[in-house]
Amino acid sequence: MVVKKPKNWNSQKPENTRRFIASGKDGRKKPSGPRLPNTMKKVLDRLNTRSPVDSDGEENEVKIDTEENSESVGNDIYEYEEEVAQEELGKNRRFDSVENLNYELPDDFEDEDIPSDDEDTDDDGDKDDQAKTGFNAESEEDLGRHARMLQGITGMPIEAFEGIKKSKGNMVSVTRPESEFNPSHNVLDGDNQITIQDLLDPLQGKAGYNQLRERMHHLEKKSVPIQAPLSKPEKEKVERKVAYAISKKEIRKWEPLVKRNREAPTLYFDEDRDLKYSTVGAIASRVEPRTEFEKKMHSLVSDKKVLEAHANDGTRLLELNMISVEDEKERSDRIAKIRNLLSRHEIKQKHIKKIKSKTYHRLLKKDRLKALSAQMEMDPEAAKEQARKQEFKRAEERLTLKHKNNSKWAKRILKRGLDAQDEGTRAAISEQLQQHETLTRKINSMKDASSSDDSSDGDDEDSADSEQDAALKLIEDAREKTVKVLEVDDAIPSSGVFSLPFMVRGLKKRREAAIEEAKLALEDYEKLSKQMDDSQEASNNSIGVSSGRMTFGVVKPQTENNKREQRFHDDSDTGDDIDVKEDGDNGRQYKENIQIGIRNDSLLFDEDSHAHKDSIFKSFDSTHEDPDDKATYEVSIFASDSWMKMKDGKKNVNEDLSSQKNKVVKSSSHNNHLKELIEESDTESEGQMVDGILSAGPTRPYELPSQAELVRQAFAGDDVEEDFEKDKKEILNEENPEPEKPVFLPGWGEWVDVQKKKGLPSWMLKEHNDAKKKREEALKKRKDACLKHVIISEKVDKKAEKLFTKVLPFPFTSEEAFEQSMRVPLGPEFHPATAINDLIRPEVVKKPGINIKPIKFEEVNPHAKDEDQQDSKQKMTDNKRKRRGGGKVVNKKAR
Amino acid sequence: MRVKVISRSNDEFTRERSQDLQRVFRNFDPNLRPLGKAVEYVRALNAAKLDKIFARPFIGAMDGHLDAVSCMAKNPNYLKGIFSGSMDGDIRLWDIASKRTVCQFPGHQGAVRGLTASTDGRILVSCGTDCTVRLWTVPIPTLEEFYSPGKSSEPLAIYTRQNAFRAVDHQWDGEQFATGGAQVDLWNHNRSLPIKSFEWGTDTILSVKFNPGEPNILATSASDRSITIYDLRLSSPVKKVILMTKTNAIAWNPMEPMNLTAANEDTNCYSFDYRKLGEAKNVHKDHVSAVMDIDYSPTGREFVTGSYDRTVRIFPYNGGHSREIYHTKRMQRVFCVKFSCDAGYVISGSDDTNLRVWKAKASEQLGVVLPREKRKHEYDESLKNRYKHIPEVKRIVRHRHLPKLIFKAGRLRREMIEAAKKKDERRKAHSAPGKVVTKPLRLRRTVKEIE
């Protein structure tokens with residue numbers, strides 16, 4: 001209970017106190033601090049003196065409890081004050097010690113008091129009351145009496161007992177439980193004051209006592225008077241200050257909302273329209289007919305009969321839907337007219353059809369054809385149509401063979417013999433055939449030229465001297481090619497390795513050599529052609545076989561015979577034609593080879609590829625072994641071509657070979673041969689170039705010069721610095737043009753005689769000088785005036801200047817950002833329609849005629865904003881209607 | 001072998017109606033259209049020029065008052081209605097669409113200095129130099145039966161006080177309104193006496209404005225060059241800022257309740273943040289004479305000002321210079337301006353007894369705008385916005401023909417400012433570094449803040 005008590009005491013609930021009081025009667029004895037203002041003390045004293053009287057006849061515990069309870073409830077203030085004081089001074093400990101004393105002392109006290117106490121009617125059990133009554137009884141008179149009694153007993157003067165009394169008095173104050181009911185002896189002594197000293201005394205010796213005492217001293221010394229209340233303006237000022245702080249805080253709630261709106265790309269104010277009329281019917285119900293037509297309509301629609309008919313089953317509507325006689329008549333008239341027109345047209349056509357005059361029809365047809373052709377010329381569509389028709393006819397003819405004398409009639413006539421027929425029939429038959437032929441011929445013409453070539457070639461095959469011709473042709477070709485090489489090859493590659501000067505020089509040299517040799521070759525060709533003419537007869541026996549390809553098969557048997565020839569055959573794998581040219585002396589041999597080739601042809605084809613490969617290698621060897629004049633000559637003709645080509649050539653050689661072989665197999669015709677010739681002529685040079693590498697290697701081995709040499713050679717011709725200076729001068733002249741020299745014009749500015757005497761007028765000279773000076777100045781002012789190796793163009797493009805800002809516009813922090821902002825175009829040409837709305841949406845979307853209400857507060861979560869915006873963006877693209885969210889301004893109607 | 005064939009489903013490519021546009025497929029690869037930027041630049045240029053061509057802002061004048069129009073009030077609930085009060089005590093309700101007076105409210109003995117309407121548009125409050133506050137009922141317009149013109153109305157109530165009133169404003173969505181004169185009085189519709197009076201200093205209140213977003217905050221300007229703010233929740237004045245010159249009118253940003261803009265006598269408008277009244281957030285300068293009235297667009301993105309220099313200007317809420325200037329030969333000193341409730345029009349009342357209606361966007365197309373037209377306008381607008389920094393476009397967009405007087409006055413002003421600046425620079429150059437400090441204009445014009 002002891003522990004519990006202060007707790008209960010602290011809580012100010014009346015119930016709690018009541019319970020406490022009811023449960024712990026003895027607990028009530030615990031003293032509470034007597035720290036009360038003096039005035040209250042006095043009142044308390046009065047109460048205390050009275051209370052015993054009050055509770056006189058009521059010995060019942062409960063009753064007293066309740067009484068005390070009521071008292072305690074009534075004196076809440078006191079309790080509260082005690083409470084505070086206790087906490088401040090931390091006297092809880094003291095209460096405990098006092099409690100212990102409580103039990104010891106009353107015995108003494110009672111012993112002393114009982115005789116002198118006149119009001120000991122109090123209940124013994126209730127210590128409080130006892131103490132109270134005891135204490136109350138202990139008045140000064142009592143003390144005085146006691147002293148006197150002592151004096152009487154001991155015979156000693158009263159003064160001797162002063163100390164005892166005093167000490168006793170002290171004792172009393174200490175030993176008594178301190179409460180409002182037990183004032184300290186000072187109170188009883190008469191000055192009625194409890195000093196702080198009184199409160200401090202019991203704490204003596206406790207921890208913190210000294211500090212407390214010092215503080216108290218300090219306080220006593222520096223007692224400050226209470227401040228006078230503030231003047232009105234001052235007070236208002238303080239109030240305003242506080243009010244501003246509050247109001248400012250209040251207004252901060254708008255910040256997230258305002259921020260969101262400011263950052264939103266678009267604000268929408270077009271929500272919440274009150275259109276008043278929600279349906280079409282509602283709007284229409286108010287419309288009144290104004291124009292004639294509207295009135296008519298209205299009168300019809302709102303006709304009572306019609307409405308009634310609608311309301312009923314509608315049969316009467318039919319009756320109402322009567323047609324007038326005039327209307328019907330008009331309609332029939334119209335129809336009759338149209339019919340009349342139609343029938344007339346028909347009759348006319350029939351009449352035309354009936355005309356039997358051939359001339360008429362011919363003329364008609366002619367006209368029609370003319371018109372058709374004209375149309376075809378004018379209109380591509382018509383031409384196309386015509387072509388399609390023709391195509392169809394052709395197809396029909398081919399399918400049915402209608403005009404191929406397959407008809408019964410034709411068969412019969414043919415059976416009987418054409419000679420037996422009369423003129424007309426024969427003509428008819430021939431005409432039919434003719435017709436067929438025209439149709440089929442047209443089919444032929446549609447085919448590609450190859451077939452016709454075929455036939456013509458077929459004819460050529462038969463010619464006896466085809467072989468000879470081919471050889472001649474080959475020679476002709478070769479000559480042409482050489483001439484071409486001579487003419488063309490001057491083109492020097494402008495880039496890559498070959499563009500380096502030393503390479504260029506090397507190439508040039510080689511070229512010169514090649515040209516010389518080419519000239520020689522030309523002479524050879526001429527000789528050859530003459531020889532060919534001589535040996536024309538010999539070629540007769542070879543019919544239908546002229547393919548140069550065949551010679552490949554011949555290569556093997558020939559290798560032993562003629563080394564040079566073999567080389568040519570092998571090296572210039574595809575170039576049998578060239579072989580022909582080269583082997584000027586061996587014209588006849590060549591022919592023989594061909595013949596042999598024909599024989600071996602079929603057998604050797606499979607081996608060809610191998611043979612060819614071998615031969616290439618062999619040829620390499622051979623060229624290495626005996627690089628004679630011919631070889632080099634061959635090579636250098638085409639040596640001026642690029643290296644790359646040479647490499648390619650190697651590859652192509654094989655490919656070409658195989659393909660050509662196939663062709664040989666397929667077509668034995670001369671035609672093929674010709675074709676191949678053409679193809680070969682392409683590959684020829686490549687083949688030759690293979691030789692180029694090989695043959696050039698041994699004759700003139702190229703040694704790489706040293707690095708310095710290379711550099712020197714490379715930059716031998718060009719003087720960079722000079723070039724640059726020249727360039728700069730040019731640019732300077734362009735940007736600051738030199739003034740024109742004054743031209744002497746007789747009679748211009750001055751009289752001719754004066755001019756003759758004085759020369760040019762002075763003002764002209766002056767002008768010129770000024771312009772010169774000006775130019776000098778301008779040149780000096782240039783940024784690159786002092787920079788020898790730099791050109792800084794100061795040319796300002798005025799047109800371009802218009803497209804640039806002079807300074808970076810405000811919201812942008814960098815040039816890139818600004819450029820970026822204008823990078824993507826906005827227009828409908830550059831974006832699909834779905835994207836464009838988002839791009840060109842204005843900052844504020846409002847609808848005319850809609851009141852915009854001021855902002856309404858709503859909670860905005862500043863952190864969830866980003867997601868929100870993203871969402872809204874998506875929504876924007878998704879649905880136009882759901883686009884709110886980015887910068888929504890709620891514009892609700894005030895209610 | 002698989003052969004890929006282009007196939008199109010008939011359903012997708014069949015038009016519903018023969019008038020429907022055929023579906024067109026485009027390749028939007030930017031590499032195919034390398035000249036996009038150049039093309040759009042030219043379009044922006046053309047858009048800017050077209051804007052100039054179609055700039056016809058003046059819609060019409062509303063004639064009828066016999067004296068200068070001193071104040072106006074818009075009906076927050078009815079777009080077409082606007083009230084105007086004149087110096088001879090006449091109050092009129094106008095129908096903007098027909099440009100006619102709908103109703104008159106006779107009664108004031110002296111000049112009407114303040115007009116305001118309640119949020120529901122039912123009650124009109126007027127006050128004037130005859131020391132009276134008058135409440136009027138506003139005739140309710142209906143679609144079928146329109147106002148009978150020339151009607152006049154009797155006041156609902158007349159409250160007389162000792163001093164003349166200079167301004168009145170109604171709270172948004174509330175029953176209270178405030179008048180300014182010798183002091184600030186707070187009134188209720190149903191009470192004949194002010195429910196509250198505020199007096200801070202002895203100078204006359206020139207204008208009163210309730211904050212529409214935060215209806216319990218009130219700002220006033222007084223002839224002691226001050227702007228004062230009151231909070232009705234705490235029923236006390238809150239803050240006072242004294243500027244170097246008098247503030248003629250105040251407007252709160254309806255979309256940003258913390259911001260207000262003051263129309264000042266020194267030709268500038270100053271935007272303040274309620275939380276930080278010591279410095280102006282923005283100085284809007286372009287007028288060449290005192291700014292008499294200011295009103296925010298309901299979108300909060302721009303505001304209109306009327307000036308003693310006979311012009312009306314429209315400023316962006318965060319821009320230093322006006323984007324538009326309106327003037328006519330016959331328009332005199334502008335005493336009051338209002339933005340219409342749909343942010344589409346501007347109405348000005350001036351000394352020449354006329355009210356004038358202008359488009360808020362000079363080249364806007366009125367009437368029904370078809371979707372394609374609308375898209376075109378939007379496209380042009382965004383193009384202009386994109387290329388607005390490019391010199392040529394900028395020049396065209398900015399160019400305005402000004403009356404000679406205003407042009408000259410502006411030039412003179414610029415020269416003076418330039419001279420002052422130059423002088424300041426010289427002073428700075430010839431004194432110890434850090435001794436002469438130039439404060440920015442935002443700060444310079446504020447004398448002090450009073451708590």
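In what follows, chains carry the letters A, B, and so on, assigned in the order in which the sequence lines appear, proteins first and then strands, with residues in each chain numbered from 1.
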Practice task
Answer with side chain, backbone, both or neither: which region of T299(B) has an atom nearer than 4.5 Å to a non-hydrogen atom of chain A?
Solution key: both
Practice task
Quick one: which of R823(A), K253(A), E843(A), E801(A) has the most heavy-atom pairs under 4.5 Å with chain B, could you say?
Solution key: K253(A)
Problem - Side chains of R375(B) and N837(A) in contact at under 4.5 Å (non-hydrogen atoms) - result: yes
Practice task
Find out whether P854(A) and W172(B) are in side-chain contact, i.e. whether some heavy atom of one side chain is under 4.5 Å from a heavy atom of the other.
Solution key: yes
Handout entry: Segment of K276(B) engaging chain A (4.5 angstrom heavy-atom cut-off)
Key = backbone
Handout entry: Residue part contacting chain A, namely of I229(B), when any heavy atom lies under 4.5 Å
Key = neither
Exercise for the section: Just jot down the ring-ring contact (aromatic ring centres under 6.0 Å, His included) partners of F857(A), sequence neighbours excluded, or say none. Expected result: W254(A)
Completion exercise
Honestly, the part of P233(A) sitting under 4.5 Å from a heavy atom of chain B is neither
Exercise for the section: Evaluate the side-chain proximity of C341(B) to I850(A): yes if any heavy-atom separation is below 4.5 Å, no if none is. Expected result: no
Exercise for the section: Select one option (side chain, backbone, both, neither) describing which atoms of K802(A) are under 4.5 Å from chain B's heavy atoms. Expected result: both
Completion exercise
The reported gap from CD in E819(A) to NZ in K37(B) (rounded to nearest 0.5 angstrom) is 4.5 Å
Exercise for the section: Report the option among P391(B), P212(B), G344(B) that has the most heavy-atom pairs separated by less than 4.5 Å from atoms of chain A. Expected result: P391(B)
Exercise for the section: Examine whether an atom of P76(B) lies under 4.5 Å from a heavy atom of chain A, and if so say whether it belongs to the side chain, the backbone or both; otherwise answer neither. Expected result: backbone
Problem - Residues L808(A), H389(B); criterion side-chain contact (heavy atoms from CB on, under 4.5 Å); working and verdict - result: CA-CA 9 Å; L808(A) 192 68; H389(B) 301 297; over 6 Å; no
Problem - F269(A) vs P298(B) side-chain heavy atoms within contact, under 4.5 Å - result: no
Problem - Options P842(A), S247(A), P848(A), ranked by heavy-atom pairs under 4.5 Å with chain B, top entry - result: S247(A)
Exercise for the section: Would you indicate whether K281(B), at its atom NZ, is surrounded by more than 12 heavy atoms from other residues, nucleotides or ligands within a distance under 6.0 Å? Expected result: yes
Handout entry: Non-neighbouring partners of W252(B) that pass ring-ring contact (aromatic ring centres under 6.0 Å, His included), sequence neighbours left out
Key = none
Practice task
Working to the nearest 0.5 Å, report the span between CD1 of I840(A) and NE2 of H377(B).
Solution key: 11.5 Å
Handout entry: Straight-line distance of R43(B) CZ to L826(A) CG, nearest 0.5 Å
Key = 10.0 Å
Handout entry: Contacting moiety of D380(B), where chain A heavy atoms sit under 4.5 Å
Key = neither
Handout entry: Under 4.5 Å from any heavy atom of chain A - which part of N27(B)
Key = neither
Problem - R122(B), CZ: over 12 other non-hydrogen atoms inside 6.0 angstrom - result: no
Practice task
Tell me, for E255(A) versus chain B, whether the close heavy atoms (under 4.5 Å) come from the side chain, the backbone, both or neither.
Solution key: both
Handout entry: Side-chain ion pair, E829(A) and R26(B), N-O less than 4.0 Å
Key = no
Practice task
May I ask you to say whether D173(B) pairs ionically with K856(A), meaning some side-chain N is under 4.0 Å from a carboxylate O?
Solution key: yes
Practice task
State, with a plain yes or no, whether a side-chain heavy atom of E250(A) is found less than 4.5 Å away from one of R233(B).
Solution key: yes
Problem - Separation of M255(B) CE from I855(A) CD1 (nearest 0.5 Å) - result: 6.0 Å
Practice task
Please check if the side chain of E40(B) supplies one atom and the backbone of G827(A) the other of a donor-acceptor pair under 3.5 Å.
Solution key: yes
Practice task
Name the region of Y230(B), side chain, backbone, both or neither, that has any atom closer than 4.5 Å to a heavy atom of chain A.
Solution key: neither
Fill in the blank from the handout: Among P237(B), P30(B), S297(B), S235(B), the residue with the most heavy-atom pairs under 4.5 Å to chain A is P237(B)
Problem - Top of L803(A), T805(A), I251(A), V844(A) for chain B proximity - count of heavy-atom pairs under 4.5 angstrom - result: I251(A)
Practice task
Measure the shortest side-chain to side-chain distance between E256(B) and R262(A) over non-hydrogen atoms and say whether it is less than 4.5 angstrom.
Solution key: yes
Handout entry: Side-chain donor or acceptor of R240(A) paired with backbone N/O of E451(B) under 3.5 Å
Key = yes
Exercise for the section: Measure R301(B) against the heavy atoms of chain A and call it side chain, backbone, both or neither at under 4.5 Å. Expected result: side chain
Practice task
Please round to the nearest 0.5 Å and tell me the distance separating atom CZ of F830(A) and atom CG of D29(B).
Solution key: 12.5 Å
Fill in the blank from the handout: Separation between CG (N851(A)) and OH (Y78(B)), nearest 0.5 Å, reads 10.5 Å
Exercise for the section: Heavy-atom pairs under 4.5 Å with chain A are the metric here; pick the option from L79(B), N216(B), V238(B) that has the most. Expected result: V238(B)
Problem - Least distance between heavy atoms, P828(A) atom then F28(B) atom - result: O-CE2, 3.9 Å
Exercise for the section: Pick one of side chain, backbone, both or neither for Y274(B), based on which atoms fall under 4.5 Å of a heavy atom in chain A. Expected result: both
